[in-house]
Amino acid sequence: MTYVELTKKDGFVLLTINRPEALNALNEQVLDDLDEALGMIDEDTRCLVVTGAGTKAFVAGADISVMRTQDRTEAKRFGKKGSEVFRKLEMLPIPVIAAVNGFALGGGFELALACDIRIASQNASFAFPEVTLGITPGFGGTQRIVRLVGPGAGKELLYTARRVKSEEALRLGIVNRVVPQETLLDEVFAMAASIAKNAPIAVRAAKRSVNTGVLCGMDEALAIELENYSNCYETQDQVNAMTAFVSKQEPKPFENK
Ligand code: HXC
């Protein structure tokens, strides 16, 4: 892979988009690399952290020099490719945390939105500059932002292209936490590690319940949750953890079975 690096940590994986000469902007190759990298996340991985190389940008958007010369057909194909890769990311069975270390603009904002959780550095900023370039978001941003912050706040960001700094992003619910740039990765790694130590089958079940349920009516969503919840009772990890609690023993590490 040219522009994406995967680094295995203890129980989780760090994915870094590394194209600093263009503030990590997404061209075809970056999207292909991202797709390939997601295909390499193995069964043992319990959480994924996504970030951008350097201290200036998470991802400054789709590559404008590429988009500038596209016609409608090419734009649709490029949009579909990015949209599918981001959906693949969103549908990974494990939690994904975006460590937003700077500009998250256009396609970069859309990438962060496809993650489960966003932690931002103090210098991070978010915007949809698409309408200043004569286009709209095409990698899922219009759909995910309104589901995250509601239609009123989401539409304002989409229509105005206004840049939101991390503290406002926190107030809007775009990010879960704002931390200093220097400690961003440490804080995100600590969160990834705290997820990684929990029962993996249960964590994946919780993600499935949310991701599927959020698209349904309440009754169907509750039925989905009940199914995912009760399936956990077929796991050794549930038996061991509850037995350890009741018998006042030190719980064993989860075995993912
Ligand atoms: C291509 C980009 C880029 C981008 C930055 N660069 N963003 N190249 N596409 N999206 C390149 C610059 O051309 C420059 O290259 C280098 O990165 C450094 O950027 P500068 O502009 O010199 O840095 P600075 O002055 O600090 O400004 C940072 C910035 C600005 C505010 C982030 O670069 C910017 O506004 N970028 C565009 C952001 C944007 O509009 N993104 C949304 C794109 S639309 P050189 O070679 O000159 O050093 C989109 C649609 C998604 O994402 C949906 C598609 C289906």
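Both counts, for ligands and for their atoms, begin at 1 and track the order of listing.
The protein atom (non-hydrogen) at minimum distance from atom 36 (N) of ligand 1 is A60 O, 4.5 Å. Shortest contact from atom 45 (P) of ligand 1 to any protein heavy atom: E21 O, 4.7 Å. With hydrogens left out, the protein atom closest to atom 6 (N) of ligand 1 is A22 O, 3.8 Å, a heavy atom. Atom 25 (O) of ligand 1 has its closest protein heavy atom at K56 NZ, 4.7 Å.
Taking the six-membered ring wherever Trp is involved, the centroid distance between the rings of F109 and F58 does not fall below 6.0 Å.
Comment: E28 engages R77 in a salt bridge, judged by a side-chain N to carboxylate O separation of less than 4.0 angstrom.
Put simply, atom 27 (O) of ligand 1 has no protein non-hydrogen atoms near it, under 4.0 Å away. Less than 4.0 angstrom separates atom 20 (P) of ligand 1 from none of the non-hydrogen atoms of the protein. Under the 4.0 Å distance rule, the nearest protein heavy atom to atom 30 (C) of ligand 1 falls outside the cut-off.
Counting heavy atoms from C-beta on, the side chains of L38 and L15 come closer than 4.5 Å. L111 is listed as a side-chain neighbour of L89, based on a closest heavy-atom distance under 4.5 Å.
Applying the side chain to side chain donor-acceptor pair (under 3.5 Å) rule to pairs touching residues 187-201 yields nothing, sequence neighbours excluded. Annotation: side chain to side chain donor-acceptor pair (under 3.5 Å) contacts involving residues 129-138, sequence neighbours excluded, are absent.
On a distance-only criterion, G79 and ligand 1 share no N/O pair closer than 3.5 Å.
Residue contacts with ligand 1, taken as heavy atom pairs separated by less than 4.0 Å, do not involve T132 at all. Only the side chain of R163 comes within 4.0 Å of ligand 1, counting heavy atoms alone; its backbone N, CA, C and O stay farther away.
Ligand 1 does not have R77 within reach: every non-hydrogen atom of the residue lies 4.0 Å or more from it.
With D116 contributing its side chain and V96 its backbone, the two residues share a donor-acceptor pair below 3.5 Å. With hydrogens and angles disregarded, no donor-acceptor distance shorter than 3.5 Å links the side chain of E156 to the backbone of A153.
Heavy-atom proximity to atom 18 (C) of ligand 1, evaluated over N27, L23, L31, is greatest for L23. If you check each of A62, A25, P129 against atom 52 (O) of ligand 1, the one with the closest non-hydrogen atom is A62.
For the residue pair T235/D237, the side-chain donor-acceptor check at 3.5 Å is not satisfied.
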